[in-house]
Amino acid sequence: MTKPNKGLAQHFLTDAGAVQKIVRAARVHANDLVVEIGPGRGALTGGLLAQSDSVVGIERDEALCDFLRSRFGCGLRLRKQDVLEVDFFELIRGEGFERAILVGNLPYYITGAVVRRILNARSRFKRAVLTVQREVARRIVATPGSRDYGVLSIAVQLHAHPKILFDLAPGVFYPAPRVYSSVIRMDFHRETRYRIQDERFFFRVVRTAFGQRRKMLKNALLGMVHGEMEILNRVGASADIDFRLRPEAVSIPEYERISRALKASFQSSGQIHESR
Ligand code: SAM
């Protein structure tokens with residue numbers, strides 16, 4: 001067995017109880033397609049294969065791919081690939097399924113990028129059970145008013161119900177990471193939870209606001225109206241939002257009201273907004 005590669009964030013689960021809890025949380029049925037990100041030495045893979053014959057593993061490390069092939073044979077459909085290059089739509093359709101269950105003890109150095117890709121392909125997933133750094137899990141589930149609430153919370157909660165299931169101490173991994181981890185489940189719904197008129201513009205507003213999260217909204221958003229406080233006052237009144245609030249106190253529906261009012265103000269003044 002090759003030594004764990006730190007560059008690929010290889011921390012392998014060694015605790016049978018933790019493995020069992022994660023597999024159970026994925027609620028896999030025999031006719032489900034499961035996609036596992038970073039199967040590593042197969043700690044979770046074995047449990048997943050016991051539930052379903054259709055498990056696809058995406059593993060970047062060549063030596064681990066050899067190991068997984070020798071351990072599971074062709075029972076595991078293995079892709080030696082960088083998960084950030086996987087087209088989930090093509091993968092899942094290619095396997096003959098409409099939707100899949102995603103499981104992954106994620107390599108921490110790409111957690112944010114992986115979560116973004118999962119959200120982009122959310123229509124292809126029933127749910128995702130992910131092991132992430134505890135601090136990231138808290139940001140994902142945070143609600144308005146909390147210090148952890150931010151762009152990541154909003155991005156995930158717009159399309160999914162995320163829940164922290166349990167924490168994992170460093171000692172259940174080999175080698176032990178320096179931080180605690182949490183296992184989260186995200187249940188995706190076919191219907192979006194919130195009706196967002198222009199998602200790109202919405203995120204432009206959200207990112208701008210959280211870019212200066214310590215300021216009041218009226219100051220954090222001032223750059224979007226080229227410093228014209230008059231315009232912001234009208235937007236705040238039309239959206240029925242107190243712009244003295246701080247960005248972390250504002251809910252998703254409230255950000256949507258701000259986005260709509262701001263966009264309407266751009267449109268009425270003939271300003272063409274750039275969504276990016
Ligand atoms: N699932 C295994 C477990 O729980 O024991 C391994 C988890 S380990 C934290 C992360 C795994 O992701 C490693 O096997 C690593 O080689 C793999 N990995 C790292 N970067 C990757 C990438 N960009 N694409 C696919 N797999 C990657």
Side-chain angles (χ1 to χ4, degrees), residues 1-26 28 34-52 55-72 75-92 95 100-121 125 127-137 140 165-186:
M1 184 78 68
T2 54
K3 275 171 67 176
N5 179 336
K6 278 193 182 162
L8 289 180
Q10 291 177 352
H11 299 281
F12 302 111
L13 266 170
T14 52
D15 182 291
V19 167
Q20 210 179 29
K21 276 166 78 177
I22 295 172
V23 171
R24 210 179 305 131
V28 176
V34 182
V35 176
E36 187 188 356
I37 297 174
R41 294 177 179 175
L44 294 169
T45 324
L48 295 169
L49 280 166
Q51 307 294 317
S52 165
V55 179
V56 176
I58 303 162
E59 175 56 64
R60 187 174 169 176
D61 185 307
E62 178 101 52
L64 285 177
C65 284
D66 290 341
F67 175 81
L68 288 162
R69 276 189 212 99
S70 68
R71 178 166 175 193
F72 298 112
L76 172 68
R77 260 105 86 189
L78 194 59
R79 288 190 171 209
K80 192 219 151 280
Q81 205 176 352
D82 180 345
V83 65
L84 298 182
E85 285 169 6
V86 170
D87 178 339
F88 287 117
F89 291 90
E90 174 269 322
L91 184 158
I92 292 164
E95 290 289 330
I101 294 171
L102 192 73
V103 178
N105 173 8
L106 295 188
Y108 294 161
Y109 71 106
I110 48 170
T111 303
V114 173
V115 169
R116 272 196 298 281
R117 293 182 72 82
I118 295 171
L119 292 174
N120 286 340
F125 296 116
R127 74 189 65 94
V129 173
L130 307 175
T131 305
V132 298
Q133 279 171 274
R134 186 166 65 179
E135 168 259 322
V136 175
I140 287 175
L165 301 179
F166 47 89
D167 291 340
L168 294 174
V172 304
F173 299 96
Y174 168 76
R178 259 180 297 199
V179 293
Y180 268 71
S181 305
S182 297
V183 177
I184 57 167
R185 184 168 57 222
M186 297 187 209

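The residues of the chain are indexed from 1 along the displayed sequence. All values below were derived from every heavy atom in this structure, side-chain atoms included, with hydrogens, water molecules and symmetry-related copies excluded. All ligand and atom numbering here is 1-based and tracks the order in the structure.
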Should Gly38 be counted as touching ligand 1, given the test is an N or O pair under 3.5 Å?
yes
Test of proximity, Phe12 against ligand 1: N or O pairs below 3.5 Å
no
For [atom], which protein heavy atom lies nearest, and how many Å away is it?
{"atom": "atom 16 (O) of ligand 1", "answer": "Glu59 OE2, 2.6 Å"}
{"atom": "atom 18 (N) of ligand 1", "answer": "Pro107 CG, 3.8 Å"}
{"atom": "atom 4 (O) of ligand 1", "answer": "Asn105 ND2, 2.8 Å"}
{"atom": "atom 26 (N) of ligand 1", "answer": "Arg60 N, 3.4 Å"}
{"atom": "atom 19 (C) of ligand 1", "answer": "Leu8 O, 3.2 Å"}
{"atom": "atom 24 (N) of ligand 1", "answer": "Val83 N, 2.9 Å"}

Numbering the atoms of ligand 1 from 1, which are under 4.0 Å from a heavy atom of [X]?
{"X": "Ala9", "answer": "8 (S), 9 (C), 10 (C)"}
{"X": "Leu13", "answer": "3 (C), 4 (O), 5 (O)"}
{"X": "Gln10", "answer": "13 (C), 15 (C), 16 (O)"}
{"X": "Glu36", "answer": "1 (N)"}
{"X": "Ile110", "answer": "22 (C), 23 (N)"}
{"X": "His11", "answer": "7 (C), 8 (S), 9 (C)"}
{"X": "Pro39", "answer": "1 (N), 2 (C)"}
{"X": "Leu64", "answer": "14 (O), 16 (O)"}

I'd like to check the side-chain contact (heavy atoms from CB on, under 4.5 Å) partners of Ala113; sequence neighbours left out, ordered by chain and number.
Leu84, Arg116
Look at ligand 1 and say whether [X] reaches it with a heavy atom at a distance under 4.0 Å.
{"X": "Phe173", "answer": "no"}
{"X": "Asp82", "answer": "yes"}
{"X": "Arg41", "answer": "no"}

Go through Phe173 and Leu13 one step at a time and tell me if the side chain to side chain contact (heavy atoms under 4.5 Å, CB included) criterion holds.
CA-CA 4 Å; Phe173 299 96; Leu13 266 170; 3.8 Å; yes
What part of Tyr109, side chain, backbone, both or neither, has a heavy atom within less than 4.0 angstrom of ligand 1?
side chain
So if I apply the side-chain contact (heavy atoms from CB on, under 4.5 Å) rule between [X] and each of [options], which one comes out positive?
{"X": "Val35", "options": "Ile118, Val103, Ile58, Val86", "answer": "Ile58"}
{"X": "Val34", "options": "Val55, Val56, Val129", "answer": "Val55"}
{"X": "Cys65", "options": "Arg60, Gln81, Lys80", "answer": "Lys80"}

Ion pair check, Arg79 and Glu95, cut-off under 4.0 Å
no
Measure the CG-CZ distance between Asp61 and Phe67 for me, rounded to the nearest 0.5 Å.
11.5 Å
Kindly compute the distance separating CG (Leu130) from CG (Leu106), expressed to the nearest 0.5 Å.
5.0 Å
Taking only residues two or more places apart in sequence or in another chain, which ones pass salt bridge (Lys or Arg N to Asp or Glu O under 4.0 Å) with Asp15?
none
Would you check, one step at a time, whether the test side chain to side chain contact (heavy atoms under 4.5 Å, CB included) holds for Val179 with Glu135?
CA-CA 9 Å; Val179 293; Glu135 168 259 322; over 6 Å; no
Give me the ring orientation class for His11 and Tyr108: parallel if the planes are under 30° apart, tilted from 30 to 60°, perpendicular past 60°.
parallel
Any donor-acceptor pair under 3.5 Å from Thr14 side chain to Val172 backbone
yes
